[in-house]
Enquirer: 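I'd like to ask you about the structure that follows.
All chains are named by letter (A, B, ...) in the order of the sequence lines, taking the proteins before the strands, and each is independently numbered beginning at 1. No hydrogens, no waters, no symmetry mates; every other heavy atom, side chains included, goes into these values.
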Amino acid sequence: MPELPEVEIIRQSLDKKIKQKKVKKVIIRNRNLRLKIPLYFATFLEGQKIINVKRFSKYIILYLSNKSYCLLHLGMSGTVHIISKRKKNSITNTSFYSSPILPKLHNHVEIIFENLKVIYNDPRRFGFFQIIKNLNLLKKKFANLGPEPFQSEFNLEYISSFFKGKKKNIKNFLLDQNFVSGIGNIYASEILFLSKINPIREAHLIQKEECKKLMINSRKVLISAIKKGGSSIKDFKNTSGNKGNFQKNFKVYERNGLNCKRFNCNGIIQKKTISNRSTFFCNICQI
DNA sequence: AAGAGGCCCTGATAGC
DNA sequence: TGCTATCAGGGCCTCT
């Protein structure tokens, strides 16, 4: 499901809701994610205060008070729900959570705080939690990831030297997290459209001027997607269950057969499978 | 070493 | 209605 902007939206609400709060209880309903949730996971987290909620690439990083970290990756279908606890029902004397729409089947983990709980739900199970015991191991975990588009390391020099001698197509490079972190299948197509670059072009043939466009448009697309609350094409929802809005701004993604949105371009958006991922582009203005 | 392809998994939808 | 095939926002592993 989520690329960098969607993960950032989730990070922001977690930051607002659980920072400086103490984990009261953790319930594991299903340990089977891409990495099996370890048996010590619940007791490890219980009693920890969430010092900070950060993000790198598509990973959410919970800073714990015992100086370790809890990583969360959402894979393709992971969602996070934050549910506030209501006051005790005076008749039945039970407290309950407001959770009308939540599909219960794939709730893997519940992290319970004083007044709210965080639920992780993941039908396809490509996501995972991971405890990282110290800063060194955290650095090691991210050592092979390339910079995010916003970082100064993602500059013209870096991009053009990375492409030297590489025959792989440019679209696959945007998806390659060792080259640049955070771009996924939707935004790769959008970035290439804005940069007027055909997705199947070999990387070593990309001109310097085009590298500059890739740099600028990668930042532009991700930032405006964050501003719009992310993209919801199937089931992405923020932690309150609301959809994002950036899908309304898609220029090419899922627009195959429709007119190119570029001013004065008569192209029709094409759909092509590249390395088993759908790719969308205009065959006239993307050269 | 670089790059292509398979695979992990469930659910929604399309086509017959 | 009910079957089967295909596809989905990610990333890791293996093979050549």
Enquirer: What's the CD1-P distance between A/I10 and C/dG9, to the nearest Å?
Expert: 17 Å
Enquirer: If I take atom OH in residue A/Y187 and atom P in nucleotide C/dG9, what distance separates them, rounded to the nearest angstrom?
Expert: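 To the nearest whole Å, that distance equals 12 Å.
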Enquirer: Do any side-chain nitrogens or oxygens of A/K167 fall under 4.0 Å of OP1 or OP2 in B/dA1?
Expert: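 No, no such contact exists.
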Enquirer: Could you write out each protein N or O paired with an N or O of nucleotides 11-13 of chain C at a distance under 3.5 Å?
Expert:
unit_1, atom_1, unit_2, atom_2, d
C/dG11, OP1, A/H73, NE2, 2.8
C/dG11, OP2, A/K58, NZ, 2.8

Enquirer: Of all the nucleotides listed (B/dG3, C/dA8, C/dG9), which has the minimum atom distance to the side chain of A/S278?
Expert: C/dA8
Enquirer: Please indicate whether A/K212 has more than 12 foreign heavy atoms, meaning atoms of other residues, nucleotides or ligands, lying under 6.0 Å from its NZ.
Expert: no
Enquirer: Say we look at B/dG5 and C/dC7: how far apart would their P atoms be, to the nearest angstrom?
Expert: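 Their P atoms lie roughly 15 Å apart.
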Enquirer: Figure out the CD1/P separation between A/I200 and B/dA4, and round it to whole Å.
Expert: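 Atom CD1 in A/I200 sits about 12 Å away from atom P in B/dA4.
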Enquirer: Hey, are A/S218 and A/Y187 close enough side-chain-wise for a donor-acceptor pair under 3.5 Å?
Expert: no
Enquirer: For A/F162 and B/dA1, give me the distance from atom CZ to atom C1', rounded to whole Å.
Expert: 12 Å
Enquirer: Under 3.5 Å for both donor-acceptor distances, Watson-Crick or wobble: does C/dG9 have a partner, and if so which one?
Expert: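 Paired with C/dG9, as far as the under-3.5 Å criterion goes, is no nucleotide at all.
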Enquirer: How close or far is atom P of C/dG10 from atom CG of A/L71, stated in whole angstroms?
Expert: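 Interatomic distance, CG of A/L71 to P of C/dG10: 18 Å.
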Enquirer: Does the side chain of A/Q48 pick up a donor-acceptor pair with the side chain of A/S65 at under 3.5 Å?
Expert: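 Result is yes, a qualifying pair exists.
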Enquirer: For the CZ atom of A/F280 and the CD atom of A/Q270, what is their distance to the nearest 0.5 Å?
Expert: 11.0 Å
Enquirer: Expressed as a whole number of angstroms, how long is the span from A/E202:CD to B/dA4:C1'?
Expert: 14 Å
Enquirer: Might you list the N or O atoms of the protein lying below 3.5 Å from N or O atoms in nucleotides 9-12 of chain B, with each pair's distance?
Expert:
unit_1, atom_1, unit_2, atom_2, d
B/dC9, O2, A/R124, NE, 2.9
B/dC9, N3, A/R124, NH2, 3.3
B/dT10, OP1, A/R125, NH2, 3.1
B/dT10, O4', A/P123, O, 3.3
B/dT10, O3', A/H106, NE2, 3.1
B/dG11, OP1, A/H106, NE2, 2.5

Enquirer: Does the side chain of A/N185 get closer than 4.0 angstrom to OP1 or OP2 of C/dG9 through an N or O atom?
Expert: yes
Enquirer: OP1 or OP2 of C/dG9 less than 4.0 angstrom from a side-chain nitrogen or oxygen of A/Y253, does that happen here?
Expert: yes
Enquirer: Can you tell me how far C1' of C/dA8 sits from CZ of A/F280, to the nearest Å?
Expert: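 After rounding, the gap between these two atoms is 11 Å.
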Enquirer: Considering only NZ, NE, NH1 and NH2 on the basic side and carboxylate oxygens on the acidic side, decide whether A/E110 and A/R29 come within less than 4.0 Å.
Expert: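 Salt bridge: yes.
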Enquirer: Which value, rounded to the nearest 0.5 Å, describes the distance between A/T279 atom OG1 and A/N172 atom CG?
Expert: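 One finds 7.5 Å between OG1 of A/T279 and CG of A/N172.
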Enquirer: Atom CG of A/L222 and atom CD of A/E148: how far apart are they, to the nearest 0.5 Å?
Expert: 8.5 Å
Enquirer: How many whole angstroms separate atom NZ of A/K171 from atom C1' of B/dG3?
Expert: 15 Å
